[in-house]
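Read through the structure below, which is laid out as structure tokens, and then see the notes.
These numbers come from a predicted model, not from an experiment.
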Amino acid sequence: MLKKRKLGRTIREIQPGEKLVFQAAIEDKDLLLYLGLTDDANPLYIQHDYASQTPLGKPIVPTVMLTGMITSAVSKYLPGPGSYITRQDLLFLRPVYHYETLEFLLEVAEVDEAGHCVTLNVTATRGAETVLDGTLSVCPPHALPRFDGRVLENF
């Protein structure tokens, strides 16, 4: 039997001003997993000898990994399971390096019940320095009708 999973909050349960703060550490295992799954062999991500000769000075974290951390937070917490991102506008202001820990802030800027959309402002900081800034449009989970045992009577 499948375990029923709890959905995230519906559009009516979300208010402007709500915030989610979380930290994410960039570890070698995460980088290697990403690079292996995507077959991305960009030397700027993994080759210290190459990256040390660029203006960046050392290997950087792929920006799509940072996007994935945000997507995961949306799917897990705000609004939560059953939601999905319909638009994203992210600026990667500073490179992020291996082994750094970032603090992410997602804040509900607007709730559009008619359009079933929540606008989230998102930032990521490394200490006092902002490394990522942007907005997301998110479709929260839809309220599902309650079913009882009679739904399957004809099967």
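The stretch residues 100-140 participates, sequence neighbours left out, in these ring pair (Phe, Tyr, Trp, His ring centres under 6.0 Å) pairs: F22-F104, H116-H142. Note on residues 43-54: no pairs pass side-chain hydrogen bond (donor to acceptor under 3.5 Å, both in side chains), not counting sequence neighbours. Sorted by first and then second residue, the pairs that involve residues 86-99 and meet side-chain hydrogen bond (donor to acceptor under 3.5 Å, both in side chains), not counting sequence neighbours, are D28-Y99, R87-S137, R94-E129. Applying the ring pair (Phe, Tyr, Trp, His ring centres under 6.0 Å) rule to pairs touching residues 68-92 yields nothing, sequence neighbours excluded. For residues 97-119, every residue pair satisfying the salt bridge (Lys or Arg N to Asp or Glu O under 4.0 Å) rule, not counting sequence neighbours, is listed here: R12-E113, E100-R126.
The side chain to side chain donor-acceptor pair (under 3.5 Å) test applied to T123 returns no partner, not counting sequence neighbours. Contacts of Q15 classified as side chain to side chain contact (heavy atoms under 4.5 Å, CB included), with partners at least two apart in sequence or in another chain: E18. By the side chain to side chain contact (heavy atoms under 4.5 Å, CB included) test, K76 pairs with S72, sequence neighbours left out.
With side-chain heavy atoms closer than 4.5 Å counting as contact, directly or through intermediates, L32 stands alone and belongs to no larger hydrophobic cluster.
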Quiz prompt | side-chain contact (heavy atoms from CB on, under 4.5 Å) between V96 and T63, worked out | solution = CA-CA 8 Å; V96 174; T63 55; over 6 Å; no
Practice problem: Please assess V122 against T135 for the test side-chain contact (heavy atoms from CB on, under 4.5 Å), listing each intermediate value before the final yes or no. | Solution: CA-CA 6 Å; V122 60; T135 60; over 6 Å; no
Quiz prompt | Audit row: L78, V108, side-chain contact (heavy atoms from CB on, under 4.5 Å) steps and yes/no | solution = CA-CA 9 Å; L78 185 64; V108 178; 4.1 Å; yes
Practice problem: Begin with the C-alpha distance, continue with both residues' side-chain angles, and end with the deciding distance and a verdict on side-chain contact (heavy atoms from CB on, under 4.5 Å) for R9 and V118. | Solution: CA-CA 11 Å; R9 292 183 297 142; V118 176; over 6 Å; no
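Distance check: S83 OG to I14 CD1 gives 8.0 Å after rounding to the nearest 0.5 Å. The distance from the CG atom of L120 to the CD1 atom of I85 is 8.0 Å, given to the nearest 0.5 Å.
Using a 4.5 Å heavy-atom threshold, the side chains of P62 and N42 count as separate. Counting heavy atoms from C-beta on, the side chains of T125 and V131 never come closer than 4.5 Å. At least one side-chain heavy atom of Y34 sits under 4.5 Å from a side-chain heavy atom of T38. At least one side-chain heavy atom of I11 sits under 4.5 Å from a side-chain heavy atom of P140. Counting only heavy atoms from C-beta outward, the side chains of L106 and K19 never approach each other to under 4.5 Å.
Residues I46 and L56 are members of one and the same hydrophobic cluster, defined by side-chain heavy-atom contacts under 4.5 angstrom among Ile, Leu, Val, Met, Phe, Trp and Tyr.
Of all heavy-atom pairs between G134 and L90, the closest is CA-CD2, 4.1 Å. Between A51 and K58, the closest heavy-atom pair is CB-C, 3.3 Å.
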